Amino acid sequence: MATNQPRNMMIPQLLFLLISCFAFQIRSSSDAILYESFEDSFEGRWIVSQKDDYNGVWKHSKSEGHDDYGLLVSEKARKYAIVKELDEPLSLTDKTIVLQYEVRLQNGLECGGAYLKYLRPQEAGWKAKEFDNESPYSIMFGPDKCGSTNKVHFILKHKNPKNGEYVEHHLKFPPSVPSDKLTHVYTAILSPNNELRILIDGEEKKKANFLSSEDFEPPLIPAKTISDPNDKKPEDWDERAKIPDPDAVKPDDWDEDAPMEIEDEEAVKPEGWLDDEPEEIDDPEATKPEDWDDEEDGEWEAPKIDNPKCEAAPGCGEWKRPTKRNPAYKGKWHAPLIDNPNFKGIWKPKDIPNPDYFEIEKPDFEPLAAIGIEIWTMQDGLLFDNILIADDEKVAESYRLTSWKPKFDVEKEKQKSEEAADGLSDGLSAFQKKIFDVLYKIADLPFLSAYQPTIIDLIEKAEKQPNITISVLVSIVVIILTVLFRILFGSKKRAAVNNSETSTPAPAESSKDQSSGEEKEDENEKEDENEKEDAAAPPRRRPVRRDN
């Protein structure tokens, strides 16, 4: 026993030593190419844009509830721009590159961006203080949310080797932005095998291939052929599959003037019908207001109410025979449709070789020369922190474990306490969190892309109002069933009923043009789509002034 006790006491110490050495080995296995913790003031290392549009004030500030500092967006409804130049341009070819940073939406994010731009080398004479949305970048990465936009962007600007033009290539179906106010860490891993992986809080949310047309829009490799822009449809080209039969004749017994409905001669007035009673009568309890002025307000009339005598009777007022469908009704006659003997099919321009087509085995990434934040946001309180560029995934992982995870755990515990104080049990909160996580993954499914904004909006409402979670689930199920129904049966279109109308010529099909490569700084223009519904109020029977 005496010999075993010291050995047992040493085991925890050895484990701690091993873990410490392992952590140190991970952190030191490859030095970070760039790491910005913002523990010290950013002034002198980061350059604030002096362009007139960017009047938002950056501040060196602590994250709420922590002693950890970050770069803070301090004002609402402002444009912000700040940039840090690398010591030397960083090549992205033939090695793994990890881009990672933290951002905390301390006041939420209703409309704005929180992404980074990784700038390529600028033209000679460019100065960091001139940084703006026109400064060319290689990669744009990070959260953006406004209106129907809710995604963690990854945009690559790639140079077409044939024409020298740059084209923006957007990651298809990017993950959604976490809707809470916690610190989240975003990671993009670019591998030499053309693979891109997007992680949020260390969890993989998206995997893509840079050369796959399924993963980027437009694809990096253009189509081999395009529609000939100079090809024109011949004037005698007939696209009508069906035409009215020219030999058809209207039958002699076809009465086009016969009404659709006629009076039912067999109908009999119900017994007890009150012919002399009106359906509505003046409200006997209504009195003329004391402040009613006949000269200004007109002659006062009591408001109408339903005649109580009519409630017990089959009906009141003048009785009229109901109508029924006219068996002789045939409507307007139209010649039946027959196959068009001159039908040539739907015209489309011929395909020609794409002059801008090229083949590559790997993307020709532009070097990274600077990191910039150029955003427009309606919220303040956005806090950027721990910006990292590394060439080893383990380095990024170690920073997540040491710099991000402790803060996140503290924030999560605080959130649980607040939820408990609001009357939500920990079990229910955890269960709902799992539901929301699953729903966010469902929203990312490709076949639901057109409905993603609607689904995410429903999820966010449920997160704010947990009592409507079941209703949200039902709504999302209805959306999914609707989409599946359209996928399964959408192609089965019914033939046209109106035989007199000929088929409308369909527009010529054309292949999707490649982007002209102009520097269209999409940066997701913040456009709120405000839907306006005009509801017509039913007219009042008469102008009546009522007592309040």
Side-chain angles (χ1 to χ4, degrees), residues 36-64 68-86 101-120 122-123 125-153 155 157 168 177 181 183-184 186 368-387 518-530:
E36 175 59 80
S37 67
F38 293 106
E39 285 306 305
D40 299 322
S41 174
F42 61 87
E43 295 180 2
R45 293 176 294 109
W46 289 74
I47 307 301
V48 177
S49 175
Q50 296 182 9
K51 290 293 188 73
D52 293 339
D53 288 346
Y54 301 95
N55 53 6
V57 177
W58 295 99
K59 289 187 177 180
H60 183 237
S61 176
K62 286 184 179 181
S63 181
E64 183 180 340
D68 187 45
Y69 282 88
L71 183 64
L72 179 69
V73 169
S74 65
E75 298 177 300
K76 299 179 180 180
R78 293 286 189 272
K79 287 185 177 181
Y80 292 81
I82 192 170
V83 66
K84 176 180 176 62
E85 295 184 276
L86 276 62
Y101 74 103
E102 298 173 17
V103 66
R104 185 179 184 187
L105 314 175
Q106 297 180 120
N107 297 325
L109 184 62
E110 293 299 325
C111 187
Y115 42 77
L116 302 188
K117 289 183 176 180
Y118 299 84
L119 277 59
R120 66 175 187 254
Q122 307 295 295
E123 295 181 357
W126 181 84
K127 297 178 181 179
K129 64 182 181 180
E130 298 173 350
F131 173 53
D132 61 10
N133 67 326
E134 298 294 330
S135 301
Y137 63 85
S138 294
I139 293 171
M140 187 177 111
F141 171 54
D144 189 22
K145 182 180 177 184
C146 192
S148 62
T149 297
N150 186 328
K151 52 190 172 183
V152 178
H153 283 293
I155 303 174
K157 277 201 172 181
E168 283 185 0
V177 181
K181 300 178 182 179
T183 301
H184 294 282
Y186 298 90
L368 305 185
I371 298 179
I373 306 175
E374 187 273 315
I375 58 175
W376 175 90
T377 178
M378 292 300 293
Q379 269 71 48
D380 57 356
L382 278 64
L383 191 80
F384 295 85
D385 199 5
N386 295 317
I387 298 175
E518 295 178 1
E519 304 262 21
K520 4 174 229 188
E521 291 292 326
D522 160 301
E523 275 88 67
N524 314 286
E525 306 129 11
K526 315 298 184 239
E527 296 179 356
D528 289 325
E529 299 179 1
N530 299 321

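These figures come from a predicted structure and were not determined experimentally. Positions are given from 1, in the same order as the sequence printed here.
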inquiry  = When you compare the side chain of Gln106 with that of Leu72, does any pair of heavy atoms fall below 4.5 Å?
reply    = yes
task = Begin with the C-alpha distance, continue with both residues' side-chain angles, and end with the deciding distance and a verdict on side chain to side chain contact (heavy atoms under 4.5 Å, CB included) for Asn386 and Phe38.
result = CA-CA 7 Å; Asn386 295 317; Phe38 293 106; over 6 Å; no
note = Minimal heavy-atom distance between Asp144 and Gly112, with the atoms involved, is OD1-O, 3.0 Å
message = Show the nearest heavy-atom pair for residues Ser61 and Leu383, with the distance to one decimal.
response = O-CD1, 3.9 Å
query = Which pair of non-hydrogen atoms, one from Thr183 and one from Glu102, has the smallest distance, and what is that distance?
reply = CG2-OE1, 3.6 Å
note = To the nearest 0.5 Å, atom CE of Met140 lies from atom NE2 of His153 at 4.5 Å
query = Taking atom types as modelled and ignoring hydrogens, do the side chains of Asn107 and Gln379 form a donor-acceptor contact shorter than 3.5 angstrom?
reply = no
Name of the residue among Trp58, Tyr101, Tyr115 meeting side-chain contact (heavy atoms from CB on, under 4.5 Å) with Ile373 = Trp58
remark   = Taken to the nearest 0.5 Å, the spacing of Ser135 OG from Glu123 CD works out to 10.0 Å
request  = Go through the steps to decide whether Glu130 and Lys51 satisfy the test side chain to side chain contact (heavy atoms under 4.5 Å, CB included), and finish with yes or no.
outcome  = CA-CA 6 Å; Glu130 298 173 350; Lys51 290 293 188 73; 4.2 Å; yes
task = Could you note down all residue pairs passing side chain to side chain donor-acceptor pair (under 3.5 Å) where residues 69-84 supplies at least one of them, sequence neighbours left out?
result = none
query = Just by modelled atom types, is the Arg120 backbone N or O under 3.5 Å from a matching donor or acceptor in the Gln122 side chain?
reply = yes
message = Keeping Arg104 on the side-chain end and Asp385 on the backbone end, is there a donor-acceptor pair under 3.5 Å?
response = no
query = What closest approach, in Å, do Asn150 and Lys145 show between heavy atoms, and which atom pair accounts for it?
reply = ND2-CE, 3.7 Å
Reported CD1-to-CD1 distance for the pair Ile155 and Ile139, which is rounded to 0.5 angstrom = 11.0 Å
Residues Glu374 and Tyr54: side-chain donor-acceptor under 3.5 angstrom = yes
note = When rounded to the nearest 0.5 Å, the distance separating CG of Leu382 from CG of Leu71 is 10.5 Å
task = Specify the closest pair of heavy atoms between Lys117 and Asn133, including all atoms of both residues, with the distance to one decimal.
result = NZ-CA, 4.0 Å
request  = Show your working on side chain to side chain contact (heavy atoms under 4.5 Å, CB included) between Leu116 and Tyr137 and close with a plain yes or no.
outcome  = CA-CA 10 Å; Leu116 302 188; Tyr137 63 85; over 6 Å; no
ask   = If every non-hydrogen atom of Leu86 is compared with every non-hydrogen atom of Ala370, which pair is closest and at what distance?
value = CD1-CA, 3.6 Å
ask   = Any side-chain heavy-atom pair from Leu119 and Trp126 closer than 4.5 angstrom?
value = yes
request  = Go through the steps to decide whether Asp68 and Glu39 satisfy the test side chain to side chain contact (heavy atoms under 4.5 Å, CB included), and finish with yes or no.
outcome  = CA-CA 7 Å; Asp68 187 45; Glu39 285 306 305; 2.7 Å; yes
ask   = Donor-acceptor pair, Ser49 side chain versus Phe131 backbone, under 3.5 Å?
value = yes
ask   = For the atom pair CD (Glu36) and CZ (Phe42), what is the distance rounded to the nearest 0.5 Å?
value = 10.0 Å
